[in-house]
Amino acid sequence: MPCVHEFGIIDHLDATYNYEEYNPQKFNCISVDDDIINSIYVHLSVMKTYFHSLNRPENGLAYCGITIIPPESLSLFYDIVTASKFFKRSGELAELAFIISQAIEKKKWMIHYGI
């Protein structure tokens, strides 16, 4: 089984909840191959995020954990994804860019499940 990262949109963020349960179906997550995420991982390190709950502000993605991505970070996330050297030939990155743009439009938070 390939190593993947999963991304979805949180419809109703609970600011007091600890998102430590692995539940990609709840957020209609899409999968992106680990090699592709590795290619942009360093660039994502400047993105404001939270690890597992809003009580843990961080930057970038929790590589092996759960990341909550706030709406104010999504434009940067989108720009990094679409600037990737793999973007034009990766259906997974195109799908991720689409999901990010939906979250931006709806002013929603996103969730990331690391490998």
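Because the structure is predicted, anything quoted here is derived from the model rather than measured.
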Euclidean distance, [Y] [atom2] relative to [X] [atom1], rounded to 0.5 Å:
{"X": "S53", "Y": "I68", "atom1": "OG", "atom2": "CD1", "value": "6.5 Å"}
{"X": "D79", "Y": "I100", "atom1": "CG", "atom2": "CD1", "value": "9.5 Å"}
{"X": "Y50", "Y": "N59", "atom1": "OH", "atom2": "CG", "value": "10.0 Å"}
{"X": "H5", "Y": "D35", "atom1": "NE2", "atom2": "CG", "value": "9.0 Å"}
{"X": "I30", "Y": "E6", "atom1": "CD1", "atom2": "CD", "value": "9.5 Å"}
{"X": "N55", "Y": "T16", "atom1": "CG", "atom2": "OG1", "value": "9.0 Å"}

Enclosure of F98 CZ (heavy-atom neighbours >12, cutoff 6.0 Å): no
Sub-4.5 Å side-chain heavy-atom contact between L13 and L54: yes
Looking only at heavy atoms, which two atoms of [X] and [Y] are closest? And how far apart?
{"X": "I36", "Y": "E92", "value": "CD1-OE1, 3.5 Å"}
{"X": "I9", "Y": "A103", "value": "CD1-N, 3.8 Å"}
{"X": "S101", "Y": "Y78", "value": "CB-CE1, 4.2 Å"}
{"X": "G60", "Y": "T49", "value": "O-OG1, 2.6 Å"}
{"X": "C29", "Y": "I111", "value": "SG-CG2, 4.4 Å"}
{"X": "M110", "Y": "F7", "value": "CE-CB, 4.1 Å"}

side-chain contact (heavy atoms from CB on, under 4.5 Å) assessment of S75 paired with I104: CA-CA 7 Å; S75 291; I104 291 170; 4.2 Å; yes
Please say yes or no: joined through hydrophobic side-chain contacts below 4.5 Å, possibly via intermediate residues, are [X] and [Y] part of one cluster?
{"X": "L93", "Y": "I80", "answer": "yes"}
{"X": "F77", "Y": "I37", "answer": "yes"}
{"X": "W109", "Y": "F27", "answer": "yes"}
{"X": "F87", "Y": "L74", "answer": "yes"}
{"X": "V4", "Y": "Y63", "answer": "no"}

Any donor-acceptor pair under 3.5 Å from S73 side chain to M47 backbone: no
Step-by-step side-chain contact (heavy atoms from CB on, under 4.5 Å) determination, S39 to S84: CA-CA 8 Å; S39 73; S84 166; 4.1 Å; yes
Y41-D34 side chain donor-acceptor pair, cut-off 3.5 Å: no
Verdict with reasoning, I10 to Y19, per side-chain contact (heavy atoms from CB on, under 4.5 Å): CA-CA 11 Å; I10 301 173; Y19 290 86; 4.1 Å; yes
